[in-house]
Amino acid sequence: MTFRLTCPVCGKRDVYEFTFGGQERGPRPEQDGLSAEEHFRWTQFRLIPNEPQEEWWYHGQGCGVWFRTTRDPGTNREVR
Amino acid sequence: MSWLRPRRLWRPAPLERHYEFVIIGGGIHGLATAYYLARTHGIESVAVLESHYIGFGGSGRNTAIVRANQRTVENVRLYEEGLKLWPVLTDELDFNLMFFNCGTLNLGHSEAAMNGIRMLASTHNLVGVKSEVLDPQQCAEVIPGLDLSDRPAFPIHGGLYHPPGGIVRHDAVVWGLAKGASARGVHIHQGCEVQGIDTSDGRVTGVRTSLGSIGCDRLGIMAGGYGSAVAAMLGIELPIHPLTIQAMVTHPFKPFLHTAFSSGAYHVYANQTLKGEIATGAHMDPQVNYTNDATAYYLKHQAEALVELMPALRGVRFMRIWSGLADMTPDMAPIMEGELGYEGLYLDAGWGYFGFKSGPVAGKYMAQYMASGERPEILAPFRLGRFLENRYSGETAAVMKYGHWD
Ligand SMILES: Cc1cc2nc3c(=O)[nH]c(=O)nc-3n(C[C@H](O)[C@H](O)[C@H](O)COP(=O)(O)OP(=O)(O)OC[C@H]3O[C@@H](n4cnc5c(N)ncnc54)[C@H](O)[C@@H]3O)c2cc1C
Ligand SMILES: [Zn+2]
């Protein structure tokens, strides 16, 4: 089953119109004093519990806006 | 004729409050690890905890292709040993795993892809694994019906033929391992979901489950694509994206496809099962998720790709579509690790869409690792710490186009 996401401009659209941009993780760590290990951890390591998470999505086949939404990886659906 | 009466392959066992070894996940990795813990290391107190039923995860959903044609020597070594285990296990488990040694063919659709294929063949030959580079005519001899003209969007430039590969019946592997493990005293508990992991003084002490708390000395997280969710119970971050990968089968027809084949450019792989269906996959949905969602979007993609490669398939009908999880790492190689910050905790994950062919061999070495506490030499390339040292495995240099991160 496919599902829909809510674009802030276009409203509910099929997920295949969008590009997944990953978890919202706050600002990237300060470059000053960032160790190589901390940097690699930041770029590759993720905590993905089976519960809703805030994410970035890009409406590439629509209006072209980047937006945030909360989605449950256990059901694929948006949680509002 | 008592031998005709149906018998359970594995025995129900009482749920004990403590086991020396607890394995989370009743897929082939968990079952194989439990099997080898009992068989090779003589450990008598082992439990496999499975939230649904054994084989619920990728182990019962994969397209069953087995091969040893990876890009790096470290990976080829491991998968080659895995490939050689099928006939051995068929004997040992006294269970027909239906290994069909039909060989595999990876198609190349550009000169760059052919250069990649030449590197693959040389890597395999270097370590004594049989593979050869074929030109388009030779590809069509192996796979009749391939369109060799310049009509396809990505015309066929050649391929990598790998005779030792083939297909294995995935359910049989799950059942056979469960049978062998159970016969050696392993307790398999289905419908037992792990909801939390207990630790004390930096040691793992047990798990909290839907059937109550169970103590243990050593714990293996072998939950396939759900490994990230289980590790998250201890706040352990992993370089893994759990993604759904979809597969489907056509109605059965007369045998004509005698070799499993794949095409990176078309994102398609296919084999004809022993029942006659074409089993084919597979695209991955890009968003991390723990569902088993399948979508019409990929039915369409798959139909287009197959028909373009093999025009005679036009009009053939798909009967079923399903999906399972693929736990993708950034370097397309797995993670087998016993240094996770908690003594007694082990992880076997990140197998992506390669974890079926490697299940028994991974189980063999994870059992050795967990029983001895010492990392077997063959597992050294698969440390978690490699990602913090910028020492990625070279698997992504193979010709396939991988996920959205490349
Ligand atoms: C469509 C598809 C095609 C594939 N094709 C191939 C292929 O051709 N060749 C190949 O080599 N590989 C292939 N794979 C990959 C392969 O199937 C997997 O890598 C492999 O099955 C992983 O086995 P596993 O035992 O580690 O995990 P799984 O088989 O996923 O088992 C993990 C088990 O853990 C259980 N579990 C999860 N969370 C918990 C919890 N909290 N408590 C208790 N139990 C839990 C799950 O229910 C599941 O049964 C494919 C996968 C898919 C989905
Ligand atoms: Zn929009």
Side-chain angles (χ1 to χ4, degrees), chain A residues 1-7 12-26 28-29 31 33-62 66-80, chain B residues 51 193-196 223 225-244 246 283-301 321-323 325 327-331 335 349-350 384-392 403-405:
Chain A
M1 259 176 310
T2 186
F3 61 100
R4 294 194 290 172
L5 291 172
T6 316
C7 169
K12 283 192 184 295
R13 307 291 303 176
D14 188 280
V15 64
Y16 290 116
E17 292 185 6
F18 299 88
T19 303
F20 180 56
Q23 289 177 335
E24 156 59 20
R25 305 165 68 221
R28 66 181 297 122
Q31 193 63 34
L34 184 68
S35 74
E37 188 179 317
E38 282 162 354
H39 188 193
F40 298 141
R41 189 174 282 283
W42 162 257
T43 53
Q44 299 297 353
F45 284 59
R46 299 285 182 278
L47 197 64
I48 313 175
N50 194 350
E51 55 192 52
Q53 59 178 19
E54 201 177 355
E55 300 174 339
W56 285 96
W57 286 84
Y58 169 58
H59 197 188
Q61 291 177 46
W66 276 98
F67 63 99
R68 281 190 286 189
T69 187
T70 304
R71 190 185 57 92
D72 185 349
T75 62
N76 259 332
R77 303 305 139 109
E78 275 180 319
V79 191
R80 323 215 101 215
Chain B
S51 54
E193 185 192 358
V194 172
Q195 295 162 339
Y226 307 90
S228 291
V230 176
M233 294 174 190
L234 283 175
I236 295 174
E237 296 182 338
L238 295 173
I240 290 178
H241 284 68
L243 307 176
T244 33
Q246 304 191 24
H283 249 296
M284 280 181 287
D285 281 305
Q287 76 281 358
V288 297
N289 77 97
Y290 296 113
T291 76
N292 288 312
D293 284 359
T295 61
Y297 186 88
Y298 287 134
L299 269 178
K300 177 170 175 287
H301 161 85
I321 179 170
W322 67 92
S323 87
L325 294 180
D327 40 344
M328 309 305 293
T329 61
D331 65 0
I335 298 166
L384 174 62
R386 71 182 185 270
F387 297 104
L388 296 175
E389 296 160 5
N390 205 24
R391 289 177 197 274
Y392 285 33
H404 61 287
W405 49 84

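These numbers come from the heavy atoms of this one structure, side chains and all, not from hydrogens, waters or symmetry mates. Proteins come first, then strands; the chains are lettered A, B, ... in the order of their sequence lines, and each starts at number 1.
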Check each atom of [X] against the heavy atoms of chain B and say whether the ones under 4.5 Å are side chain, backbone, both or neither.
X: A:Gln53; answer: side chain
X: A:Phe18; answer: neither
X: A:Thr75; answer: backbone

So which atom in A:Ile48 and which in B:Ala232 form the shortest heavy-atom distance, rounded to 0.1 Å?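 Of all heavy-atom pairs spanning A:Ile48 and B:Ala232, the closest is C-CB, 4.2 Å.
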Minimum heavy-atom separation for B:Ile236 and A:Leu47, please, with both atom names. O-CD1, 3.5 Å
Once rounded to the nearest 0.5 Å, what's the spacing between atom [atom1] of [X] and atom [atom2] of [Y]?
X: B:Asn289; Y: A:Phe20; atom1: CG; atom2: CZ; answer: 9.0 Å
X: A:Asn50; Y: B:Tyr226; atom1: CG; atom2: OH; answer: 8.5 Å
X: B:Asp293; Y: A:Arg77; atom1: CG; atom2: CZ; answer: 6.0 Å
X: B:Asp285; Y: A:Thr2; atom1: CG; atom2: OG1; answer: 7.5 Å
X: B:Arg391; Y: A:Phe40; atom1: CZ; atom2: CZ; answer: 10.5 Å

Residue among B:Val230, B:Ile240, B:Leu238 with most heavy-atom pairs under 4.5 Å to chain A: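 When all of B:Val230, B:Ile240, B:Leu238 are compared, B:Leu238 has the most.
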Would you mind telling me which of B:Ser228, B:Gly235, B:Ala294, B:Ala296 has the largest number of heavy-atom pairs within less than 4.5 Å of chain A? B:Ala294
Got A:Arg71 and B:Val288 here, is their nearest side-chain heavy-atom distance under 4.5 Å?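 Yes, side chains in contact.
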Less than 4.5 Å apart, any side-chain heavy atom of A:Phe45 and any of B:Leu388? yes
Name the member of A:Gln23, A:Arg46, A:Glu37 that forms the most heavy-atom pairs with chain B at distances under 4.5 Å.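 When all of A:Gln23, A:Arg46, A:Glu37 are compared, A:Arg46 has the most.
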Using non-hydrogen atoms and a 4.5 Å limit, figure out which bit of B:Ile321 sits close to chain A: side chain, backbone, both or neither. neither
Could you check whether the rings of B:Tyr297 and A:Tyr16 sit parallel, tilted or perpendicular, using 30° and 60° as the cut-offs? parallel
Might you confirm whether atom CZ of A:Arg4 has over 12 heavy atoms from other residues, nucleotides or ligands at distances under 6.0 Å? no
